[in-house]
Amino acid sequence: MTVSRVSSRVAATRVALAGGIALSSVVLLSGTAFAHVSVQPQGEAAKGGYATVNIKVPNERDNASTVKVEVNFPLDHPLASVMPQPIPGWKAEVTKSKLSKPLELHGKTINEAVSKVTWTADGSKIGPGQFQQFPLSLGQLPEDADQLVLKAIQTYDNKEVVRWIEEQKEGAEEPQNPAPVLKLSAASADHHGGTAPSASATTPAAADDKAGHDDKADTKKETAAADSSDTTARILGVIGILVGIAGVAFGVLAGRRRSA
């Protein structure tokens with residue numbers, strides 16, 4: 001009887017441990033799927049063209065809300081036009097910096113480019129369990145780069161600051177706070193990409209108008225991307241549960257062997 005009781009206790013301990021491992025796996029894997037600030041193009045972001053993108057900012061905290069988001073743009077591949085779409089409850093500020101090397105765009109010399117866009121809560125917040133998308137119209141995208149690293153800084157109402165600025169190194173594991181990366185596709189035949197303005201509409205205002213039309217056209221694509229993200233999270237959660245089940249089975253089997 002004594003041996004049987006000891007074996008039962010050991011089996012119960014292993015069951016509890018396996019359950020804890022399963023829960024931890026679900027939490028960790030789900031965090032990996034949802035926690036990062038990211039940049040998602042609406043449609044195509046082709047080299048040399050114009051694009052509309054969303055900066056997606058999830059709230060990672062259970063006891064604080066996000067009240068400020070700052071996105072920095074690389075000046076080694078400057079963008080002459082970066083225009084935020086108005087968002088109710090948020091104030092957007094565009095900061096420009098002088099270029100060390102002037103940029104030639106549409107026959108004009110550009111001496112400064114957008115270096116930062118800052119959104120500050122003005123009657124709204126990103127609460128726990130929520131996310132917010134901040135749309136931007138970008139152009140003209142560089143022709144000599146495969147991607148743009150947009151380092152972001154997220155501020156909570158409890159004064160905590162999270163810096164999404166770590167760049168992914170080839171062959172290395174994903175960093176804890178990776179910087180959002182906008183992947184650029186190959187240039188289209190007209191070198192303007194899928195959201196480029198026509199020859200008669202090359203001003204920033206026209207580019208923004210064009211981007212607005214693209215927003216409507218690409219709504220289905222954005223929805224599909226969100227569904228894909230949800231599916232990934234569910235798969236990762238199932239993996240965590242399976243790990244827990246395997247641990248439970250192992251513990252019970254080991255307990256029976258000892259009882260025998």
Side-chain angles (χ1 to χ4, degrees), residues 27-28 30-42 45 50-99 112-139 141 147-168 174-183 204-205 207-208 211-212 215 222 225-226 229-230 233:
V27 172
L28 290 175
S30 297
T32 300
F34 285 112
H36 304 340
V37 172
S38 61
V39 54
Q40 303 171 341
Q42 296 186 24
Y50 292 78
T52 299
V53 304
N54 281 326
I55 305 297
K56 186 176 181 180
V57 182
N59 191 329
E60 294 185 300
R61 303 295 179 258
D62 296 328
N63 57 353
S65 297
T66 297
V67 294
K68 185 177 179 180
V69 177
E70 176 185 310
V71 175
N72 295 273
F73 294 85
L75 291 180
D76 55 342
H77 294 293
L79 300 175
S81 175
V82 176
M83 292 181 288
Q85 179 177 310
I87 301 175
W90 292 86
K91 179 182 178 182
E93 180 182 358
V94 178
T95 302
K96 293 186 176 182
S97 298
K98 192 173 182 62
L99 297 175
E112 61 179 13
V114 173
S115 57
K116 178 172 61 177
V117 176
T118 304
W119 290 271
T120 305
D122 185 21
S124 182
K125 296 180 179 181
I126 307 175
Q130 299 178 343
F131 76 92
Q132 176 68 52
Q133 295 193 112
F134 298 91
L136 289 171
S137 175
L138 307 180
L141 298 174
Q147 64 181 30
L148 291 178
V149 179
L150 310 181
K151 297 183 179 181
I153 299 176
Q154 181 178 13
T155 303
Y156 289 88
D157 55 9
N158 62 358
K159 308 303 181 183
E160 180 185 4
V161 177
V162 180
R163 302 179 183 277
W164 302 95
I165 61 174
E166 300 177 53
E167 297 188 38
Q168 177 71 52
E174 184 181 54
Q176 183 176 356
N177 295 318
V181 176
L182 175 63
K183 300 289 186 180
D208 190 43
D215 289 346
E222 183 179 356
S229 177
D230 291 342

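Computation of the quantities below employed the complete heavy-atom set of this structure, encompassing side-chain atoms and omitting hydrogens, waters and symmetry-equivalent molecules.
Considering only residues two or more places apart in sequence or on other chains, Gln168 meets the side chain to side chain contact (heavy atoms under 4.5 Å, CB included) condition with Ala172, Glu174, Pro175. Shown here are the ring pair (Phe, Tyr, Trp, His ring centres under 6.0 Å) partners of Tyr156, two or more places apart in sequence or in another chain: there are none.
Between Phe73 and Val117, the shortest heavy-atom distance links the atoms CE1-CG2, 3.8 Å. Counting all heavy atoms, side chain and backbone alike, Pro178 lies closest to His36 at CG-CD2, 3.7 Å.
Under a cut-off of 6.0 angstrom, the local environment of CG in Asp62 is sparse, with at most 12 non-hydrogen atoms contributed by other residues, nucleotides or ligands.
Between Pro74 and Leu150, some side-chain heavy-atom pair lies under the 4.5 Å cut-off.
With hydrogens and angles ignored, the 3.5 Å screen pairs a side-chain donor or acceptor of Asn59 with a backbone N or O of Gly127. Between the Gln154 side chain and the Pro58 main chain, a donor and an acceptor come within less than 3.5 Å of each other. When atom types are taken as modelled, the side chain of Asp157 and the backbone of Ala64 share no donor-acceptor pair closer than 3.5 angstrom.
For the residue pair Thr52/Gln42, the side-chain donor-acceptor check at 3.5 Å is not satisfied. With hydrogens and angles left out, the side-chain atoms of Lys183 and Gln147 include a donor and acceptor closer than 3.5 Å.
Aromatic ring orientation, Phe134 versus Trp90: perpendicular (interplanar angle above 60°, classes split at 30° and 60°).
Cation-pi geometry between Lys56 and Phe131 is met: under 6.0 angstrom from the ring centre, within 45 degrees of the axis.
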